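Scroll down for the structure; my scribbles are underneath it.
Every chain is numbered from 1, with letters handed out A, B, ... down the list of sequences. Not measured: the values here are computed from a predicted model.
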Protein chains: 2
Amino acid sequence: MPVSDASTARSRRRHRTEAAILEAALDVFALHGFRGATLDQIAEGAGMSKPNLLYYFASKEEVHARLLGDLLDHWLAPLRAIDPGGEPVEEILRYVRRKLDMSRDYPRESRLFAGEIIAGAPRISDFLVHGLRPLVDETVGLIRGWTAAGRLAPVDPMQLIFSIWALTQHHADFAAQIAIVAPGDRAGDPGAFLDQLYRRLLTPEAAAERIRAG
Amino acid sequence: MPVSDASTARSRRRHRTEAAILEAALDVFALHGFRGATLDQIAEGAGMSKPNLLYYFASKEEVHARLLGDLLDHWLAPLRAIDPGGEPVEEILRYVRRKLDMSRDYPRESRLFAGEIIAGAPRISDFLVHGLRPLVDETVGLIRGWTAAGRLAPVDPMQLIFSIWALTQHHADFAAQIAIVAPGDRAGDPGAFLDQLYRRLLTPEAAAERIRAG
DNA sequence: GCTGACCCTGACCGGATGGTCAAATCAAGC
DNA sequence: GCTTGATTTGACCATCCGGTCAGGGTCAGC
């Protein structure tokens, strides 16, 4: 197992170095966007020289593409996790919670994505067209079905999805603003608020009355 | 009135040139952020040479600062327009509508602001601290009063304000994503959706009944 | 048609930026 | 300890960037 061992040890080492580069690159790209980021800054953040960084990644674009690729894999998971067989309101609330968790746990990824969209999505339009759109279409159909069955209050499904994206990503993308306007504990709990908001919006009238009567 | 005429004619001409520069600069800054924007690109967009641009503005920072200054004046207006003497739900819905109108009519300004926040708000923290925060605090107090008087369903006021910002700005900041995921008429009407959403959330009657139901 | 202030630009500068290269260093197998 | 391939970097390059400067054009007032 000499060759195999050596190769895996090397590959592990290589993997760690790449991870350090991607980590530093995420900081810089999330803060300044693709054009505003510099390889020198990324290399410094990763604790190495610029030529060494370019030994692991062929170009600035490649680093950026790798980050986006890794990110977009995660991006669709919460949408996919919606269970068509579940209770509609609870399924959507679960989706909201997952999205909010992602914003809390991966704020830089969220900002990277936001920056890319603001810049006109030049590098991720393929993902949006062939990855996100079909899944959204599917989910829109699912929501329409739920609404038609009276298990969900009648809402515009597309707008509903957009609203969830907006409300959850906001906490990551605009963290700097939130930290200034509502420093410390004054911000309240986004999770509880969103739960309340979507429960009120989505609970069908019949169910609401049943609860009222119950 | 020779001198006066000449001076106003010149000032008018100067004003037009500055406007052309700011117009082009808004395009570029909104798309690529401060660091990603270049003076050459702005000058080309404004149809002039870079040195001429720098004849009107001393530096890249000055162009950017001017854009932000002009923008931030507009930014607070909708919040200020909330009438403490009005009907709570309608006042907040009016605020939502105004914010949504701004996102529709000034999407580049919205993206400029968003990019600045994502970048850590290095150039607008003063505005956030001394302009936005006090006004938000005031509005939070107003909402608390309304809630205490039973004229508004009990909601976290700060979270309510954040949600309005998120939901309205989203349509400008993420326009590229929306255009791809829901091209053409499939997007529905954001105004109607937000109206429905906030009416359900804020109308106190619903809250009372929900509490009754326990 | 001369003057003087304003407007505009080509050429240029110093420094940053993405990327290359040859040489030095390191780690692992013998 | 020697070899070999993977890793790392200082020096360098072409280009771009923000900004300067000297000079030329424009135009209103005389």
Problem - Reference residue A:Asp101; test salt bridge (Lys or Arg N to Asp or Glu O under 4.0 Å); the match among A:Arg97, A:Arg98, A:Arg104 - result: A:Arg104
Exercise for the section: Name all residues meeting the salt bridge (charged side-chain N to carboxylate O under 4.0 Å, His left out) criterion together with B:Glu18; count only those two or more places apart in sequence or in a different chain, and write none if there are none. Expected result: B:Arg14, B:Arg66
Problem - Partner residues of B:Trp165 under the ring pair (Phe, Tyr, Trp, His ring centres under 6.0 Å) criterion, sequence neighbours left out - result: B:Phe162
Problem - ring pair (Phe, Tyr, Trp, His ring centres under 6.0 Å) partners of A:Phe113, counting only residues at least two apart - result: A:Trp75
Problem - Neighbours of DNA chain C within residues 34-65 of chain B, by heavy-atom distance under 4.0 Å - result: B:Met48, B:Ser49, B:Pro51, B:Asn52, B:Tyr55, B:Tyr56
Problem - Side-chain ion pair, A:Arg16 and A:Glu23, N-O less than 4.0 Å - result: no
Problem - Strand contacts (DNA chain C) in residues 13-26 of chain B, 4.0 angstrom heavy-atom criterion - result: B:Arg13, B:Arg14
Exercise for the section: Take the angle between the ring planes of A:His64 and A:Phe29 and call it parallel below 30°, perpendicular above 60°, tilted in between. Expected result: perpendicular
Completion exercise
residues 49-64 of chain A vs salt bridge (Lys or Arg N to Asp or Glu O under 4.0 Å), sequence neighbours excluded, gives A:Asp40-A:Lys50
